[in-house]
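Keep in mind that what you see is a predicted model, and the values were worked out from it rather than measured.
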Amino acid sequence: MGVAHEEWMQAALELAGEAAAHDEVPVGAIVVRDNQIVGRGYNQPIGRHDPTAHAEIMALRDAASTLGNYRLPGCTLVVTVEPCTMCAGALVHARIEQLIFGAREPRAGAVCSSTRVFENPGLNHKVAVVEGVLEEECKALMSAFFQERRN
């Protein structure tokens, strides 16, 4: 893992903190192209009354707007938690080149955990995956959020 991966994940963690500050599940995401952040997002489905307002989707929308294209070739999406099925599918449709994530999501993770969306042989685009970047920090943020909600 490179220093850039950790720096990018740190930026995603800061966005996850924004989500937590708004009582949303603390997931943050960025889109990077040519070592520049071109999209940012954090979980907002509750506040926006939008079930699709996951961090990854928000970051993809921001990047697409910034770059003026719904396809994002040459881009990397960095997210604190393994994407769900919806978000994994969106990465394929956006033609994201690489996914970097921090912590696995055992129940809803659709890259390595519960399902493996990217392994579907019918897909016409492949996404490279790097997992475990700042994993402990990503896990700790999620654990603290849910622990606080249980109290």
Side-chain angles (χ1 to χ4, degrees), residues 1-135 137-138 141-142 145:
M1 278 176 258
V3 172
H5 290 181
E6 291 183 0
E7 289 174 5
W8 295 342
M9 188 61 72
Q10 193 58 50
L13 279 163
E14 289 173 17
L15 289 163
E18 283 290 313
H22 291 92
D23 292 324
E24 302 273 4
V25 174
V27 179
I30 62 168
V31 176
V32 177
R33 187 171 82 178
D34 299 327
N35 291 315
Q36 298 294 317
I37 296 174
V38 296
R40 291 174 172 79
Y42 59 86
N43 266 5
Q44 302 178 59
I46 298 166
R48 286 184 175 257
H49 310 289
D50 178 357
T52 69
H54 289 195
E56 300 94 324
I57 301 298
M58 302 307 290
L60 290 173
R61 288 175 180 162
D62 189 34
S65 177
T66 297
L67 299 174
N69 192 348
Y70 75 108
R71 300 278 197 221
L72 302 171
C75 290
T76 295
L77 185 127
V78 181
V79 63
T80 55
V81 177
E82 179 182 5
C84 70
T85 304
M86 173 184 69
C87 293
L91 298 180
V92 171
H93 287 288
R95 304 298 192 264
I96 288 291
E97 183 175 312
Q98 178 178 232
L99 164 67
I100 298 171
F101 72 88
R104 285 192 178 196
E105 208 312 315
R107 288 181 294 277
V111 176
C112 305
S113 297
S114 68
T115 58
R116 296 174 178 257
V117 170
F118 296 155
E119 293 177 16
N120 181 332
L123 295 177
N124 63 351
H125 177 73
K126 299 296 180 200
V127 178
V129 177
V130 175
E131 70 169 293
V133 176
L134 299 184
E135 180 178 11
E137 292 90 332
C138 294
L141 187 60
M142 291 290 280
F145 176 81

V25 side chain near M142 side chain, heavy-atom distance below 4.5 Å: yes

How long is the straight-line distance from CG of N120 back to NZ of K126, given to the nearest 0.5 Å? 7.0 Å

Minimum heavy-atom separation for M9 and V79, please, with both atom names. CE-O, 3.4 Å

For C138 against G102, the heavy-atom pair lying closest together: SG-CA, 3.8 Å

According to salt bridge (Lys or Arg N to Asp or Glu O under 4.0 Å), who are the partners of E135, at least two apart in sequence or on a separate chain? K139

Could you work out, with side chain to side chain donor-acceptor pair (under 3.5 Å) as the rule, every residue matching R95, not counting sequence neighbours? none

Using only atom types and a distance under 3.5 Å, with no angle test, would you say the side chain of Q36 pairs donor to acceptor with the backbone of V38? no

State, with a plain yes or no, whether a side-chain heavy atom of T52 is found less than 4.5 Å away from one of R61. yes

What pair of heavy atoms forms the shortest contact from P45 to A53, and how long is it? CD-O, 3.2 Å

Decide if atom CZ of R48 counts as having more than 12 heavy atoms of other residues, nucleotides or ligands within a radius under 6.0 Å. no

Using a 3.5 Å distance criterion without hydrogens, assess whether the side chain of R40 forms a donor-acceptor pair with backbone atoms of A63. no

Any side-chain heavy atom of N43 sitting closer than 4.5 Å to one from P26? no

Closest contact, heavy atoms only, Y42 versus M58: O-CG, 3.8 Å

Quick one: SG on C75 to CG on D34, what's the gap to the nearest 0.5 Å? 8.0 Å

What residues form a side chain to side chain donor-acceptor pair (under 3.5 Å) with R104, not counting sequence neighbours? E131

Please tell me if the side chains of L72 and R33 come closer than 4.5 Å, counting only heavy atoms from C-beta onward. no

Does some side-chain heavy atom of I96 sit less than 4.5 Å from a side-chain heavy atom of L60? yes

Using a 6.0 Å cut-off, check whether atom NE2 of H125 has over 12 heavy atoms from anything other than its own residue. yes

Examine distances only and state if a side-chain atom of Q44 and a backbone atom of E24 form a donor-acceptor pair shorter than 3.5 Å. no

NE2-CD1 distance between H22 and I46, expressed to the nearest 0.5 angstrom: 12.0 Å

Considering non-hydrogen atoms only, spot the tightest contact between G28 and A16 and give its length. N-CB, 3.5 Å

For residues L13 and L141, determine if any side-chain heavy atom of one lies less than 4.5 Å from a side-chain heavy atom of the other. yes

Which heavy atom of S114 sits nearest a heavy atom of A108, and at what distance? OG-C, 3.8 Å

Taking the side chain as everything from C-beta on, heavy atoms only, tell me whether E105 gets closer than 4.5 Å to C84. no

Quick check for you: to the nearest 0.5 Å, what is the distance between D62 atom CG and I57 atom CD1? 13.0 Å

Would you call F118 and L99 a side-chain contact if the rule is heavy atoms closer than 4.5 Å? yes

Given W8 and N35, is the side-chain contact (heavy atoms from CB on, under 4.5 Å) satisfied, shown in steps? CA-CA 9 Å; W8 295 342; N35 291 315; 3.3 Å; yes

Side chain E82, main chain S113, donor-acceptor under 3.5 Å: yes

Can you tell me if T80 uses its side chain to pair, donor with acceptor, with the backbone of V27 under 3.5 Å? no

